[in-house]
Peer 1: 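Submitted below is the structure of interest, expressed as structure tokens.
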Amino acid sequence: MADARLRRRSVLTGGALLAAGAPALLVGCSSSDEPGDESGDDAGEPAASTTPPRLEDLDLSDWEVVRGQFALDPELAHFAAFVLASHPAPVRAAIERWRDAFDADPAATVAGELAHDEEVRTAAAGYLGVRPAEVALTDSTTMGLGLVYHGLPLCPGDHVLTTTHDFYATHEALRLAAARAGAEVERIALYDDPAAAGADELAGRVAAAIRPQTKVVALTWVHSSTGVKLPVRAIADAVADANAGRAEADRAILVLDAIHGLGADAARPGDLGCDVFVSGTHKWLFGPRGTGIVWAAPAAGAAVAPTIPSFTAPSFVNWLTGGDEPSPFGVGNTPGGYQAFEHRWAVTEAFAFHQAIGPDRVAARTQELATRLKDGLAELPGVRLVTPRDPALSAGLVCVDVAGRDPAEVVQQLLDQRIVASVTPYSEPYVRFGASIVTTPEQVDAAVEAVAGLAR
Ligand SMILES: Cc1ncc(COP(=O)(O)O)c(C=O)c1O
């Protein structure tokens with residue numbers, strides 16, 4: 001077998017392997033933190049068939065200009081745009097460029113895989129204030145949660161703490177991982193009435209439920225069931241207190257499903273204090289559909305064993321050479337197999353778009369619109385606001401009960417008035433609005449008026 005005779009040097013420069021159909025990333029394998037430092041990295045550059053809008057030419061201080069980057073149907077008020085992103089113009093252009101490049105010369109384009117994955121990691125890391133090597137690339141929040149919970153070294157007798165408010169993806173990934181490991185998963189309620197939730201109570205209930213055997217605290221930053229945003233920093237401090245005096249291997253880690261915070265709230269992992277931050281990039285960040293990231297702090301990342309083989313060095317090179325060099329978390333936990341690279345590599349433009357607007361401005365706008373919506377809805381007779389009014393405990397999601405009526409019916413009647421809302425996919429469903437950079441104050445007022453009409 002030729003593989004066995006391959007010397008490491010030839011693997012690292014591996015044109016012969018590429019010709020033989022091996023993953024293109026073998027051209028210039030590197031586990032470096034630094035993007036673009038491999039040889040031959042102009043291979044696979046996209047053809048310039050579509051002229052991207054230059055961010056510096058756009059006046060992104062004007063929210064109408066921001067909204068103008070989206071191809072959303074202007075006849076509709078898009079309060080469900082966060083469910084699955086519409087792509088803003090720079091992201092659409094990047095996807096088209098990469099698609100054209102693949103259609104013209106797939107072999108040359110995929111040869112740039114390592115460099116372009118690294119560009120995405122670098123863009124994500126810049127936005128999150130972390131190191132590129134700590135960022136894995138996935139296709140969704142769900143994939144990221146599955147990789148993390150299945151990769152952690154859970155053992156019989158270990159305790160995993162989660163809540164009744166988390167989404168199916170967390171509950172099911174934990175159920176499957178714990179069943180394999182013989183660990184126990186406990187779900188607790190952090191609040192009885194979401195609208196009346198308080199930061200001390202939320203953090204206090206987590207703190208009180210942590211046991212000596214707790215290895216994972218699995219939470220969601222912003223609950224898609226109610227719109228409650230957790231005081232993650234206070235919870236992280238409680239986890240740190242519980243870890244005081246524990247050996248490194250016995251520490252509990254805080255894993256966050258961050259999907260409804262990323263792109264809606266400007267806090268970064270370092271502000272939140274979590275150990276692992278899992279998110280799709282195809283909701284509030286308005287990145288390419290079918291993309292996501294996982295960030296892990298060094299100690300937590302080292303504990304996560306990859307589930308799906310990475311196509312990136314050093315994993316693939318180890319296989320070829322018999323080596324055992326460990327992968328950094330980011331590349332080791334980026335699932336291999338060829339991907340929809342035109343989407344993955346356009347994640348760079350999604351982060352750049354948000355950086356150009358300013359994450360703090362995006363968060364402030366989201367909060368301003370959500371507050372306006374909550375203030376309006378809270379005044380309506382027959383309407384029960386489910387989401388806390390306090391902006392410290394909520395983000396862009398706003399959930400309501402409308403006169404005890406079937407939420408699906410209400411959502412349909414709103415749609416009849418060209419207002420797109422959604423129903424929370426939980427056992428206790430609510431009507432849910434997402435106020436975001438694609439909605440306007442006027443649309444918020446129209447939504448309040450429409451709900452008022454339906455509640456009468
Ligand atoms: C809290 C939460 N986590 C995860 C998901 C799934 O996200 P993804 O499609 O990125 O897997 C959803 C909804 O789609 C959600 O509400």
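All ligand and atom numbering here is 1-based and tracks the order in the structure.
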Peer 1: If every non-hydrogen atom of Gln355 is compared with every non-hydrogen atom of Tyr127, which pair is closest and at what distance?
Peer 2: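 Taking Gln355 first and Tyr127 second, the nearest heavy atoms are NE2-CA, 3.3 Å.
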Peer 1: Could you tell me whether Phe286 and Phe82 have their ring centroids closer than 6.0 angstrom?
Peer 2: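 No, they do not, as the ring centres are separated by 6.0 Å or more.
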Peer 1: For the atom pair NE2 (His87) and CG (Leu72), what is the distance rounded to the nearest 0.5 Å?
Peer 2: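 His87 NE2 to Leu72 CG: 11.0 Å, rounded to 0.5 Å.
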Peer 1: What's the shortest heavy-atom distance between Ser394 and Thr387, and which atoms?
Peer 2: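 Closest approach of Ser394 to Thr387: CB-CG2, 3.7 Å.
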Peer 1: Where is the nearest protein heavy atom to atom 16 (O) of ligand 1: which residue, which atom, and how far?
Peer 2: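 Closest protein heavy atom to atom 16 (O) of ligand 1: Ser224 OG, 2.7 Å.
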Peer 1: Just to confirm my output: which protein heavy-atom neighbour is closest to atom 3 (N) of ligand 1, and how far is it?
Peer 2: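 Protein heavy atom with the smallest distance to atom 3 (N) of ligand 1: Asp257 OD2, 2.5 Å.
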Peer 1: Between the side chains of Arg211 and Glu186, is the shortest nitrogen-to-carboxylate-oxygen separation below 4.0 Å, so that they form an ion pair?
Peer 2: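 Looking at Glu186 and Arg211, the cut-off is met.
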Peer 1: Heavy-atom contacts with Ser140 under 4.0 Å: which atoms of ligand 1 show up? List them by number with element.
Peer 2: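 Listed by number with element: 8 (P), 10 (O), 11 (O).
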Peer 1: I need the nearest protein heavy-atom contact for atom 14 (O) of ligand 1: residue, atom name and distance, please.
Peer 2: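 Among all protein heavy atoms, the one nearest atom 14 (O) of ligand 1 is Lys283 NZ, 2.8 Å.
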Peer 1: Quick one: look up the protein heavy atom nearest atom 7 (O) of ligand 1 and list residue, atom name and how far away it is.
Peer 2: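 Here the closest protein heavy atom is Thr141 OG1, 3.3 Å.
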Peer 1: For atom 15 (C) of ligand 1, what is the nearest protein heavy atom, given as residue, atom name and distance?
Peer 2: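 Ranking protein heavy atoms by distance from atom 15 (C) of ligand 1, first comes His260 NE2, 3.4 Å.
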Peer 1: Which part of Met143 is near ligand 1, with near meaning a heavy atom under 4.0 Å away: side chain, backbone, both or neither?
Peer 2: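 Looking at Met143 and ligand 1, no heavy atom falls under 4.0 Å.
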Peer 1: Can you tell which part of Thr142 has a heavy atom less than 4.0 Å from ligand 1: side chain, backbone, both or neither?
Peer 2: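 It is both backbone and side chain that touch ligand 1.
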Peer 1: Identify the residue among Tyr426, Tyr191, Trp221 that makes a ring-ring contact (aromatic ring centres under 6.0 Å, His included) with His165.
Peer 2: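 The residue from Tyr426, Tyr191, Trp221 that satisfies ring-ring contact (aromatic ring centres under 6.0 Å, His included) with His165 turns out to be Tyr191.
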Peer 1: Would Arg361 pass as a cation-pi partner of Trp63, given that its NZ or CZ must be under 6.0 Å from the six-membered ring centre and within 45 degrees of the axis?
Peer 2: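 Ring-cation test returns yes.
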Peer 1: Report the nearest protein non-hydrogen atom to atom 9 (O) of ligand 1: residue, atom name, distance rounded to 0.1 Å.
Peer 2: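 Residue, atom and distance for the closest contact: His282 NE2, 3.5 Å.
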